[in-house]
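Residue numbers count from 1 along this sequence.
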Amino acid sequence: MVRRIEVSGAGGVRLAAWEFTDPPKAGAGREGARGPGVLLLHGLLGRAAHWAETARWLSTRHRAVALDQRGHGRSEKPADGPFDRSTYVDDAEAAVEQLGLAPVTLIGHAMGALTAWQLAARRPDLVRALVISDMRASALGAASQREWAEWFRSWPVPFATLADVRKWFGEDDPTLERPNPPRGDFFAEVMAERSDGWRPAFSCRQMLKVRDTWVHDAHWEELALVECPTLVVRGLDGELGRAEAQEMVRVLPRGQYAEVVDAGHLVHYDQPDGWRRAVEPFLASVLPV
């Protein structure tokens with residue numbers, strides 16, 4: 001069962017949360033009925049639905065909720081933001097508190113992982129454990145932002161069909177080193193049909209504005225403030241290199257490391273079985289069942 005729950009984020013922005021579990025039985029306690037809370041945070045350009053497979057296996061033992069972050073999915077896309085880091089952390093904090101998930105395990109991919117560890121650093125009382133998937137702690141710099149702007153301009157929008165979306169992002173995108181069908185599926189899920197064809201369901205201008213709030217800064221100091229058990233996961237072909245990932249584990253007071261073979265940046269999408277094998281034992285070691 002999947003049900004949508006509306007959350008009020010920072011400044012009253014409407015956020016869509018999706019619970020992948022059966023509702024509790026009447027009279028049962030919160031954690032005893034649904035299991036310990038897990039909040040899943042997607043990356044830039046993503047949406048809560050990208051966590052569906054992960055959330056389903058989580059929901060057999062835990063209360064799994066995925067959040068569409070502002071500007072993404074079914075959540076509100078305020079024209080003028082704000083889209084700063086503090087606001088995204090405020091949104092996640094609001095979701096944890098309004099949904100009664102604390103003490104929560106945060107599982108984040110890329111931008112969502114940064115939001116997760118910033119929340120864990122700010123509110124250690126709310127966070128029981130943390131999983132960081134393919135997010136760097138180092139600054140990426142202005143060149144990275146320019147590359148993203150150029151990449152957005154290269155998209156051949158509108159796409160005539162979703163098959164065209166899958167083919168371009170999974171095969172024809174010049175930034176690809178080799179074909180990656182799961183990547184095509186990932187992007188097919190964030191397109192919306194318009195009168196002239198298929199276009200992104202998000203604003204590329206807004207996404208660049210969101211990204212601009214973190215690419216110029218390093219985030220090591222906040223990482224060092226995370227007190228809870230934390231798993232750093234990388235795909236062998238992802239954006240987070242092994243040396244940096246292992247340094248993140250060293251900086252974390254209670255850090256652990258895992259890597260997934262044959263996976264790129266979209267670790268949980270590229271290799272869902274390998275992702276589960278990396279994450280599930282960690283969760284079993286830190287969460288009550």
Side-chain angles (χ1 to χ4, degrees), residues 20 38-59 62 64-69 72-73 92 105-117 120 129-138 140 144 148 166 169-170 173 175-190 211 214-215 219 223 226 229-249 252 255-286:
F20 291 76
V38 178
L39 183 66
L40 299 133
L41 298 170
H42 62 75
L44 189 71
L45 314 187
R47 59 181 302 182
H50 286 142
W51 288 115
E53 185 165 347
T54 297
R56 289 191 179 101
W57 60 257
L58 280 172
S59 67
H62 312 293
V65 179
L67 182 69
D68 276 332
Q69 297 178 80
H72 298 76
T105 292
L106 300 173
I107 300 179
H109 173 248
M111 176 192 78
L114 178 57
T115 300
W117 89 58
L130 173 64
V131 177
I132 295 169
S133 177
D134 217 66
M135 179 62 190
R136 299 184 60 185
S138 299
L140 302 180
S144 171
W148 267 67
R166 291 186 177 93
F169 287 100
D173 183 346
T175 64
L176 282 174
E177 294 183 0
R178 58 180 180 273
N180 185 347
R183 186 173 185 265
D185 294 336
F186 179 96
F187 279 96
E189 288 201 46
V190 294
R211 194 173 186 272
W214 86 73
V215 296
H219 307 283
L223 193 68
V226 175
T230 301
L231 179 67
V232 177
V233 184
R234 63 177 291 268
L236 256 59
D237 299 318
E239 296 177 7
L240 175 62
R242 178 178 286 129
E244 183 172 351
Q246 293 178 343
E247 179 63 11
M248 290 169 66
V249 171
L252 284 158
Q256 299 181 40
Y257 174 76
E259 57 187 27
V260 180
V261 298
D262 297 325
H265 178 58
L266 305 174
V267 186
H268 58 291
Y269 228 77
D270 289 343
Q271 293 294 334
D273 292 338
W275 161 255
R276 181 174 182 175
R277 285 193 297 271
V279 173
E280 198 167 33
F282 170 76
L283 297 181
S285 72
V286 299

Are side-chain heavy atoms of Leu44 and Trp148 found at a separation under 4.5 Å? yes
NE2-CG distance between His42 and Leu266, expressed to the nearest 0.5 angstrom: 13.0 Å
Rounded at 0.5 Å granularity, tell me how far NE2 in His72 sits from CG in Leu41. 11.0 Å
With heavy-atom distances below 4.5 Å as the criterion, would you say the side chains of Val249 and Gln256 are in contact? no
How long is the straight-line distance from CG of Leu231 back to OG1 of Thr105, given to the nearest 0.5 Å? 11.5 Å
What residues, two or more places apart in sequence or in another chain, satisfy ring-ring contact (aromatic ring centres under 6.0 Å, His included) together with Trp51? His268
Just checking, is any N or O donor in the side chain of Thr54 or Trp275 under 3.5 Å from an acceptor N or O on the other one? yes
CZ of Arg277 to CD of Gln271: how many Å apart, nearest 0.5 Å? 8.0 Å
Flag the pair Tyr269 / His109 as yes when at least one side-chain heavy-atom distance between them is below 4.5 Å, and no otherwise. no
Gln69 vs Met111 side-chain heavy atoms within contact, under 4.5 Å: yes
Nearest-0.5 Å distance that lies between atom CG in Leu130 and atom CG in Leu39: 11.5 Å
Step by step, would you call Met248 with Ile132 a side-chain contact (heavy atoms from CB on, under 4.5 Å)? CA-CA 10 Å; Met248 290 169 66; Ile132 295 169; 4.2 Å; yes
Could you report the tightest heavy-atom contact between Ser144 and Arg211, atom names first, then the distance? OG-NH2, 2.7 Å
With a 4.0 Å cut-off, would you call Glu244 and Arg136 a salt bridge? yes
Quick one: side-chain contact (heavy atoms from CB on, under 4.5 Å) partners of Val286, sequence neighbours excluded? Ala129, Pro229, Phe282
Contact between Leu58 and Ile107 at the side-chain level, heavy atoms closer than 4.5 Å - yes or no? yes
With side chains defined as the heavy atoms from C-beta onward, is the minimum distance between Asp173 and Phe187 less than 4.5 Å? no
Determine yes or no for a side-chain-to-main-chain donor-acceptor pair under 3.5 angstrom, with Arg234 supplying the side chain and Leu236 the backbone. yes
